[in-house]
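Given the structure is predicted, the values throughout are model-derived calculations rather than measurements. Residue numbering restarts at 1 for every chain, and letters A, B, ... go by the order of the sequence lines.
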Number of protein chains: 2
Amino acid sequence: MQKEYILSKNQKIIFDLIDKSAEPMKAYAILFNVQKKGIKAPLQVYRALDKLVEIGKIHKIESRNAFIACQNSSCQISKATAFSICESCEKVSEINNSKLSKYLSNFEDDSGMRYSKYNLEFFGLCKKCKSK
Amino acid sequence: MQKEYILSKNQKIIFDLIDKSAEPMKAYAILFNVQKKGIKAPLQVYRALDKLVEIGKIHKIESRNAFIACQNSSCQISKATAFSICESCEKVSEINNSKLSKYLSNFEDDSGMRYSKYNLEFFGLCKKCKSK
DNA sequence: AACATTATGTAATAATATAACATTAACAAG
DNA sequence: CTTGTTAATGTTATATTATTACATAATGTT
Ligand SMILES: [Zn+2]
Ligand SMILES: [Zn+2]
Ligand SMILES: [Zn+2]
Ligand SMILES: [Zn+2]
């Protein structure tokens, strides 16, 4: 389970916006949306985003430079993330598959490196887009 | 095996630079390095990078906005990539593990989406940094 | 030669992210 | 309740990453 964490004012404003959004949101789209609430500068957005990522409430989709709310209440605080991304409509979903996460969390290669964290992004066409 | 592909002048200059580099290179570091060879503008770099990524000679490390040469001659042309990244010294290696790539290439979740491509980035401490 | 495709050159600008510094809020210890 | 500490905020400026738009040249095909 995710640890409860009391969000600050800016963090809450920005989390609520991302959480309500159907798609991943970009930092400057967020900024534009929250300007009426008094958040005026990029840095205010990025600071809240950093914190929200750190505590696992949101994740960054690296290939898109965009952020989505964690859709997975049992997510290991941003340490192990997997997403499916439709290359046509850009729909993104967080993958919650215990076999996959177990497999990746236990993965070891021959480098002797032990991994404390991973991020996986799958690309393809979603059902809707495939049938077009 | 990777299909042979004749690189253009700019593509070759930029590929050679990345290929010789021990670490992933960022676009503007590349630009700085190739200015003496007549490549003056960011766009010239980005165009070459795009093509090199497309044909699988290099890969983008999304979490770092940086590029490395493919270290894996049997790599499925950028469709299936996995990397290990040391969070201390930033050393990056391409993982070449057939079990892993088979597992991920065949992965299906319950969304009905079939994936044509993936990118996986593992994070941790490399041997050297762990022993410090 | 005519056409299509790919690559290049150049300037301007857009989009993403951080540095530096000053101030304020929240919280715990004494 | 006040002192010290940490986390969060506000603000300006700037750094970094990436693309648009348009013109030209090289390459490959029929
Ligand atoms: Zn999650
Ligand atoms: Zn789709
Ligand atoms: Zn490769
Ligand atoms: Zn290291």
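Summarising the geometry of A:E87 relative to A:F123, their closest heavy-atom pair is CD-CB, 3.7 Å, with the distance given to 0.1 Å.
Taking atom CG of residue B:L52 and atom P of nucleotide C:dT8, one finds them 10 Å apart after rounding to whole Å. Between B:K26 atom NZ and C:dT16 atom P the separation is 15 Å, expressed in whole Å. In this structure, A:M25 places its CE atom 15 Å from C1' of C:dA15, rounding to the nearest Å. Look at CG on A:L49: it is 12 Å from P on D:dT9, rounded to the nearest Å. Rounded to an integer number of Å, the gap from CG of A:D50 to P of D:dA8 is 11 Å. Remark: P of D:dA7 and CD of A:E54 are 9 Å apart, rounded to the nearest angstrom. In this structure, B:Y5 atom OH and D:dG28 atom C1' are separated by 12 Å, rounded to whole Å.
Ring-plane geometry between A:F122 and B:Y118 is classed as perpendicular, the angle between the planes exceeding 60 degrees on a 0 to 90 degree scale with a lower cut at 30.
Within residues 6-24 of chain B, the residues that place at least one heavy atom under 4.0 Å from DNA chain C are, in residue-number order, B:S8, B:K9, B:N10, B:Q11. Less than 4.0 Å separates DNA chain D from at least one heavy atom of each of the following residues of residues 29-48 of chain A: A:K40, A:A41, A:L43, A:Q44, A:R47.
A:E54 places no side-chain N or O within donor-acceptor distance of the main-chain N or O of A:K51, the cut-off being under 3.5 Å.
Across all strands shown, D:dT30 forms a Watson-Crick or G-U wobble pair, both distances under 3.5 Å, with C:dA1.
Between A:E23 and A:K91 no salt bridge is recorded (no basic side-chain N to carboxylate O distance below 4.0 Å). Ion pair A:K20/A:D16 not flagged as a salt bridge, since none of the NZ, NE, NH1 or NH2 atoms sits closer than 4.0 Å to an Asp/Glu carboxylate oxygen.
More than 12 non-hydrogen atoms from other residues, nucleotides or ligands lie less than 6.0 angstrom from NZ of A:K130.
For A:Y28 against C:dA17, a side-chain-to-base donor-acceptor contact under 3.5 Å is present.
Under 4.0 angstrom from either OP1 or OP2 of D:dA7 there lies no side-chain N or O belonging to A:K51. Distances shown here put every side-chain N or O of A:N65 at or beyond 4.0 Å from the OP1 or OP2 atom of C:dA15.
Residues A:C126 and A:C89 are in side-chain contact: their nearest non-hydrogen atoms beyond the backbone lie under 4.5 Å apart. At a threshold of 4.5 Å between non-hydrogen side-chain atoms, the residues A:I18 and A:I30 count as touching.
Put simply, the residue from A:K26, A:K128, A:R64 that forms a salt bridge (charged side-chain N to carboxylate O under 4.0 Å, His left out) with A:E90 is A:R64.
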